[in-house]
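Chain A is the first sequence line, chain B the second, and so forth, proteins listed ahead of strands; every chain is numbered from 1.
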Amino acid sequence: MLEESVGLGAVTVLAVLEQAYFSLQVIYARRKYSVSPPATAGPPEFERIFRAQANCSEYFPIFLTVLWTAGLFLSPGMSSVCGLLYLYGRLLYFWGYSESAHRRLAPLYFSARVLWVLIGFSSLGLFLTFCRVYLKLDVLLELWTAVALY
Amino acid sequence: MLEESVGLGAVTVLAVLEQAYFSLQVIYARRKYSVSPPATAGPPEFERIFRAQANCSEYFPIFLTVLWTAGLFLSPGMSSVCGLLYLYGRLLYFWGYSESAHRRLAPLYFSARVLWVLIGFSSLGLFLTFCRVYLKLDVLLELWTAVALY
Amino acid sequence: MLEESVGLGAVTVLAVLEQAYFSLQVIYARRKYSVSPPATAGPPEFERIFRAQANCSEYFPIFLTVLWTAGLFLSPGMSSVCGLLYLYGRLLYFWGYSESAHRRLAPLYFSARVLWVLIGFSSLGLFLTFCRVYLKLDVLLELWTAVALY
């Protein structure tokens with residue numbers, strides 16, 4: 001199992017590095033706008049960076065969960081590609097939100113769509129595994145056979 | 001291992017969908033009470049919904065961690081049932097908190113108790129696995145044998 | 001795989017218990033300083049405890065991610081030891097932050113350094129697994145052989 005998961009593992013480490021980058025940006029913004037912990041309120045420029053990081057942190061476990069569920073139950077390759085797209089979308093989201101609240105929207109919708117694709121992959125993978133284990137039915141094989149016979 | 005984890009995977013995807021539902025409620029509440037990002041302060045009705053979602057997000061990785069630890073080291077079936085109870089409790093918590101701070105309490109205590117059961121399952125599963133691997137001792141088998149002989 | 005992961009599982013359950021302890025401290029602080037939910041603003045003493053718990057919660061999924069990536073792809077033993085160090089650092093961080101914002105710094109830097117070690121272990125483990133699976137190259141074995149021949 002570990003052998004097939006190298007790609008998923010690489011995307012996972014990349015996701016952690018991205019979170020580290022976001023955290024550093026908040027530390028720099030705290031210094032720049034003189035907002036000392038534990039305060040989280042400050043000028044809008046600071047609050048946008050703070051909220052961008054908080055939002056990415058909130059979605060980090062959700063993202064990793066569907067990345068691995070889709071990867072293990074359906075396809076590690078397709079999930080890893082979706083994972084890279086998601087992380088790219090989150091980077092654009094962070095940079096966009098740092099500039100203005102409006103600029104966060106397009107990359108937010110993009111990364112949300114990628115998450116839905118991963119949720120779809122996860123559900124499909126779970127359904128196929130369920131059919132194979134409990135109904136002794138290889139749905140994909142049946143489908144290909146039906147198509148070939150047709 | 002993947003074969004036994006279909007139930008855990010299904011509960012996991014359900015947990016992600018529940019989080020998506022909570023996030024959407026915050027977006028609707030932001031529109032309804034005119035609280036634009038990055039602001040998080042507003043009328044109490046908004047703040048309750050915002051905090052309900054934040055609290056569920058905070059517990060999401062903790063829940064998934066004990067769900068899978070208990071599921072892999074002890075029993076996927078019992079853990080999945082606990083998982084469904086937890087998600088149901090969190091739904092009641094979110095709806096209750098949206099109405100009043102007091103109404104969040106009963107479902108909060110309920111979902112906390114389910115978490116403690118999952119922590120107990122995890123600890124027991126780790127202890128049994130430790131005995132089997134490092135002490136070459138199948139505690140459950142010994143117990144059943146002792147009971148049968150008695 | 002499960003057999004090798006008992007240590008990682010034990011550190012994981014310990015991490016969950018630590019989070020439970022932090023959450024309880026916030027509940028006690030809410031009572032002591034009369035800050036009722038959904039409010040999160042209050043006297044500095046309360047806000048420090050609140051932010052300490054929020055920060056630990058934010059890092060909880062990041063920590064577990066690198067703990068398991070390093071543990072599964074490189075070494076469960078070394079990762080578990082790092083995990084214990086991290087949890088100890090977080091405990092000192094929480095206690096320090098409860099007293100003053102300055103006292104959070106030393107344990108924060110310590111736990112951040114442990115995280116970087118785990119990120120390094122993860123990357124190394126992924127690199128070695130990649131070489132073994134895709135390049136049919138056991139880098140460590142080659143290295144030992146080269147050293148032995150030399």
K.L.:
Heavy-atom distances under 4.5 Å only: say whether C:T40 touches chain B with side chain, backbone, both or neither.
P.N.:
side chain
K.L.:
What residues of residues 82-109 of chain C sit under 4.5 Å from chain B when you count only heavy atoms?
P.N.:
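Residues qualifying by a heavy atom under 4.5 Å from chain B are absent, so none.
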K.L.:
Go through the atoms of B:Y59 and report whether side chain, backbone, both or neither lie under 4.5 Å from a heavy atom of chain C.
P.N.:
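Interface part for B:Y59: side chain.
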K.L.:
Counting only heavy atoms closer than 4.5 Å, note whether B:Y134 contacts chain C via side chain, backbone, both or neither.
P.N.:
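The side chain, not the backbone.
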K.L.:
Between B:W116 and chain C, which part of the residue has a heavy atom less than 4.5 Å away: side chain, backbone, both or neither?
P.N.:
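Side chain only.
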K.L.:
To the nearest 0.5 Å, tell me how far C:F60 CZ sits from B:F60 CZ.
P.N.:
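Interatomic distance, C:F60 CZ to B:F60 CZ, rounded to 0.5 Å: 12.0 Å.
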K.L.:
Chain B contacts: which residues in residues 7-27 of chain C have a non-hydrogen atom closer than 4.5 Å to it?
P.N.:
C:G9, C:A10, C:T12, C:V13, C:V16, C:L17, C:Q19, C:A20, C:S23
K.L.:
B:E47 versus chain C, heavy atoms under 4.5 Å apart: side chain, backbone, both or neither?
P.N.:
both
K.L.:
Is the number of heavy atoms from other residues, nucleotides or ligands under 6.0 Å of C:F110 CZ greater than 12?
P.N.:
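Yes, the 6.0 Å shell around CZ holds more than 12 heavy atoms from other groups.
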K.L.:
With respect to chain C, which residue among B:L115, B:T69, B:V133 yields the maximal number of heavy-atom pairs within a distance under 4.5 Å?
P.N.:
B:V133
